[in-house]
There are 2 protein chains.
Amino acid sequence: MGKGRVTVIDIAKAAGVSKSTVSLVLQASPLVNESTRTKVNAVMRELGYVYNRGAANLRQANARSKIIGIVVNDLTNSFFAELAVGVDTVVQSAGFVQFLSNTSESIDRQREVIASMREHGVSGLIISPARGTEAVDLKPLVMAGIPVVLVVRNIPGAKVSSLVSDNHAGTFAAVEHLAALGHSRIAFVGGFPDTAVFDERLGGYRDAMSKTGTGFQEELVVSSAPSRAGGVDALARAMAMPEPPTAAVCFNDAVAFGVCDGLRARRIEPGKDFAVVGFDDVIEAKTTVPALTTISVDPQGIGQRAAQMLLKQINAGKPEAESAVSSVRLIVRESCGAAMNKPGRKMA
Amino acid sequence: MGKGRVTVIDIAKAAGVSKSTVSLVLQASPLVNESTRTKVNAVMRELGYVYNRGAANLRQANARSKIIGIVVNDLTNSFFAELAVGVDTVVQSAGFVQFLSNTSESIDRQREVIASMREHGVSGLIISPARGTEAVDLKPLVMAGIPVVLVVRNIPGAKVSSLVSDNHAGTFAAVEHLAALGHSRIAFVGGFPDTAVFDERLGGYRDAMSKTGTGFQEELVVSSAPSRAGGVDALARAMAMPEPPTAAVCFNDAVAFGVCDGLRARRIEPGKDFAVVGFDDVIEAKTTVPALTTISVDPQGIGQRAAQMLLKQINAGKPEAESAVSSVRLIVRESCGAAMNKPGRKMA
DNA sequence: GTTAATAATTGGAACGTTCCAACTTTGTCA
DNA sequence: TGACAAAGTTGGAACGTTCCAATTATTAAC
């Protein structure tokens with residue numbers, strides 16, 4: 001039981017050098033003699049020294065800490081969990097460590113969390129903003145020169161970097177594929193209408209419906225919470241129409257799973273009697289039955305790329321905002337009927 | 001663009017008081033006059049002051065930082081994502097912030113991550129250890145007096161707190177339920193045999209099989225990776241037996257989903273022709289079709305309780321190790337056949 | 001009007017590190 | 001030999017905060 005913690009001074013004393021030398025060893029400076037270095041390192045191990053980053057980056061006011069913060073709006077959604085894993089892999093290998101917090105779509109919570117991270121001196125932030133976040137909420141961060149990368153949801157007017165999926169292209173491709181399979185009554189299912197992501201995905205759907213000649217019809221858009229339960233609910237409303245759809249492009253995979261659940265409950269077999277396409281390609285998508293046709297956005301990849309963008313900004317010194325769009329691709333599996341013998345043209 | 005960051009001294013100067021007074025305001029000390037407090041607060045807001053925790057907990061060597069670390073072995077598993085959310089809710093409301101890292105079952109990574117957290121001065125750690133973690137790996141932490149709560153997996157010999165589910169009781173109840181429904185060939189499916197959790201769950205299964213009179217048979221234990229894919233694989237091996245099982249108690253929900261997938265691929269309807277019971281009660285369990293009968297362990301609840309245990313230790317000062325078992329209960333849904341008319345006695 | 005108690009405020013020292021400029025030692029060259 | 005450079009090493013100051021003991025201002029009591 002050492003009384004206080006062991007410091008560089010203790011090490012210096014025990015190794016018979018000055019604290020300055022110990023500090024140089026810590027920073028792997030080439031200035032220090034090899035034999036001194038090994039001796040100091042030995043003493044550090046022996047005394048169980050642990051580096052105090054707090055003290056360190058108090059002194060070096062210029063270089064900031066080795067912490068990056070990541071703020072997500074719903075960690076229980078596996079999309080974000082995977083995104084966090086992607087971020088973790090790259091920041092970790094750059095010697096950073098990650099602060100992760102979950103806002104549960106609460107703006108207040110988000111404000112607290114970001115404030116707390118600033119207090120801890122994060123070098124940068126990766127944020128998937130809560131619904132309703134405005135450019136002004138990010139103002140203090142850019143004023144302070146803290147690099148920020150927005151992911152998943154962009155915020156117009158905020159002068160920060162962003163990395164979002166090509167939502168428009170995703171749903172566009174999904175509709176084209178379904179049309180090629182012979183579907184014409186294709187619904188757009190799930191998601192909250194007041195979000196940018198919803199607008200983009202809906203836009204891709206709308207444009208593709210127009211282009212393929214079937215035309216866009218407002219009634220085929222059925223919104224809901226972007227969750228499995230929301231999917232079940234939305235499908236019920238869709239099937240209650242006078243002329244129900246034969247296929248659905250879903251807001252995300254969670255909704256798509258819900259749609260499949262709802263179909264089965266009605267004795268309609270997804271992939272056979274009805275085509276379903278998701279969005280995100282979460283891990284479960286390929287193992288579920290029927291395997292889900294979906295738009296792959298590679299959550300881990302996005303996390304990695306966002307982390308790289310952030311590190312670049314941190315190292316560059318001046319935060320040069322940069323906008324990137326992560327490309328997506330359609331992964332055809334069973335739930336759209338393409339992998340079966342015949343496309344799902346016969347309806348219940 | 002302020003040149004340097006704004007400090008208490010800047011605030012003091014602008015408000016016409018001393019830095020000590022500003023410090024007292026920061027700590028919400030009752031010593032300071034109300035009018036002074038409001039003036040100082042106003043100035044802080046005006047100048048955009050942000051508290052420097054690094055400097056603060058450098059000075060107060062006794063009270064440690066307001067950071068708690070959480071280390072999980074697989075963040076992509078939604079069980080752990082939910083656990084993290086549970087931890088977050090309670091530590092956040094106690095004014096702490098959480099460091100989250102993912103080890104991906106790598107012992108080396110785990111060591112790095114823990115070292116990094118120590119450097120940042122975490123006040124305590126919640127750890128779901130990577131496979132193969134030994135008591136000696138935690139030694140430095142207990143030596144340093146850093147409170148640790150192990151979750152999910154306990155490590156014998158480590159003198160730290162732990163919170164694990166009552167695995168034995170869970171599988172025991174599952175078997176009893178299936179036996180009551182008329183099953184006798186009940187398999188235990190999935191999981192890696194070299195883990196404590198596996199042993200405990202298998203133990204509950206074994207004891208219940210003996211008690212119900214059907215007896216324990218080694219061949220009915222089919223291990224695999226604890227994932228959806230592992231479940232598909234294990235089921236294939238189980239159905240290849242001369243006398244295949246009519247029911248399965250699965251290592252966890254992921255495996256159970258895989259088993260359902262595998263059954264459907266064989267045109268066997270889970271919940272009707274074959275009974276499936278999972279373990280964990282992840283969110284998807286109740287919305288999937290058929291809804292999964294499972295052992296509820298409430299991941300968020302475990303996270304919350306672990307966080308409470310940790311905070312208690314942090315506040316107590318001396319880390320008094322405490323072992324808790326989180327009780328579980330059987331949630332009967334459709335996949336075991338109980339909610340249907342007849343239990344699944346007719347076999348393929 | 002003096003003393004005592006209370007309320008509010010304050011300057012300096014300390015926390016553990018890094019930076020800087022200065023210093024010592026050793027080696028090289030004219 | 002003296003001058004100079006190179007290689008290592010070093011003490012003190014600084015970073016932004018909190019703690020402590022001391023100080024001043026205010027009120028209460030006699």
Q) How would you label the contact of Thr7(A) with the nucleic acid (heavy atoms, under 4.0 Å): base, sugar-phosphate, or nothing? A)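 Result for Thr7(A) = sugar-phosphate.
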
Protein and nucleotides 23-25 of chain D: nitrogen or oxygen contacts under 3.5 angstrom:
none

Does a salt bridge link [X] with [Y], judged by any charged N lying under 4.0 Å from a carboxylate O?
{"X": "Asp10(B)", "Y": "Lys19(B)", "result": "no"}
{"X": "Lys312(B)", "Y": "Glu322(B)", "result": "yes"}
{"X": "Arg153(B)", "Y": "Glu105(B)", "result": "yes"}
{"X": "Asp88(B)", "Y": "Arg109(A)", "result": "yes"}

Q: Could you verify whether a donor N or O on one side chain and an acceptor N or O on the other, from Ser78(A) and Ser78(B), lie under 3.5 Å apart?
A: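 No donor-acceptor contact under 3.5 Å links the two side chains.
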
Q. How long is the span from the CD1 atom in Ile126(A) to the OG atom in Ser161(A), to the nearest 0.5 Å?
A.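 That separation rounds to 10.5 Å.
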
In whole angstrom, what separates [X]'s [atom1] from [N]'s [atom2]?
{"X": "Arg53(A)", "N": "dT17(C)", "atom1": "CZ", "atom2": "P", "answer": "12 Å"}
{"X": "Ile11(B)", "N": "dG16(D)", "atom1": "CD1", "atom2": "P", "answer": "12 Å"}
{"X": "Asn52(A)", "N": "dT18(C)", "atom1": "CG", "atom2": "P", "answer": "9 Å"}
{"X": "Leu26(A)", "N": "dG16(C)", "atom1": "CG", "atom2": "C1'", "answer": "11 Å"}
{"X": "Arg5(A)", "N": "dC15(C)", "atom1": "CZ", "atom2": "P", "answer": "13 Å"}
{"X": "Tyr51(B)", "N": "dG16(D)", "atom1": "OH", "atom2": "C1'", "answer": "10 Å"}
{"X": "Tyr49(A)", "N": "dG16(C)", "atom1": "OH", "atom2": "C1'", "answer": "8 Å"}
{"X": "Leu58(B)", "N": "dT18(D)", "atom1": "CG", "atom2": "P", "answer": "11 Å"}

Q) Among the nucleotides dG16(D), dT17(C), dT18(D), which one has an atom lying closest to any side-chain atom of Ser23(B)? A)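 Of the candidates, dT18(D) comes closest.
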
Q: Examine dC19(D): is either OP1 or OP2 under 4.0 Å from a nitrogen or oxygen in the side chain of Gln27(B)? Give yes or no.
A: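 So the side chain of Gln27(B) is within the cut-off, an N or O lying under 4.0 Å from OP1 or OP2 of dC19(D).
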
Q: Taking only the side-chain nitrogens and oxygens of Gln60(A), find out if one of them lies under 4.0 Å from OP1 or OP2 of dC19(C).
A: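 So the side chain of Gln60(A) is within the cut-off, an N or O lying under 4.0 Å from OP1 or OP2 of dC19(C).
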
(Q) By the ring pair (Phe, Tyr, Trp, His ring centres under 6.0 Å) test, which pairs, at least two apart or in different chains, include something from residues 98-125 of chain A? (A)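 Ring pair (Phe, Tyr, Trp, His ring centres under 6.0 Å) check on residues 98-125 of chain A returns Phe99(A)-His120(A), Phe99(A)-Phe99(B).
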
Work out which heavy atom in [X] is nearest to a heavy atom in [Y]; give both atom names and the distance.
{"X": "Phe79(B)", "Y": "Pro299(B)", "answer": "O-CB, 3.6 Å"}
{"X": "Gly69(B)", "Y": "Val122(B)", "answer": "N-CG1, 4.1 Å"}
{"X": "Val6(A)", "Y": "Tyr49(A)", "answer": "O-CD1, 3.3 Å"}

For nucleotides 7-14 of chain C, give me every protein contact, N/O to N/O, under 3.5 Å, one pair per line with atom names.
from	atom 1	to	atom 2	distance (Å)
dT9(C)	OP1	Thr36(B)	OG1	2.5
dT9(C)	OP2	Asn33(B)	N	3.0
dT10(C)	OP2	Ser18(B)	N	2.8
dT10(C)	OP2	Ser18(B)	OG	3.3
dT10(C)	OP2	Thr21(B)	OG1	2.8
dG11(C)	N7	Ser20(B)	OG	2.9
dG11(C)	O6	Ser20(B)	OG	2.7
dG12(C)	N7	Lys19(B)	NZ	3.0
dG12(C)	O6	Lys19(B)	NZ	2.9
dA14(C)	N3	Arg59(B)	NE	2.7

Show each protein N/O and nucleotides 24-26 of chain C N/O combination with a separation under 3.5 Å, one pair to a line.
none

Could you pull out every donor-acceptor pair under 3.5 Å between side chains of residues 302-311 of chain A and any protein atom, sequence neighbours left out?
none

Got a list of side-chain donor-acceptor pairs under 3.5 Å for residues 133-148 of chain A, not counting sequence neighbours?
from	atom 1	to	atom 2	distance (Å)
Thr133(A)	OG1	Gln110(A)	NE2	3.0
Thr133(A)	OG1	Ala130(A)	N	3.3
Thr133(A)	OG1	Ala130(A)	O	2.6
Asp137(A)	OD2	Glu134(A)	N	2.8

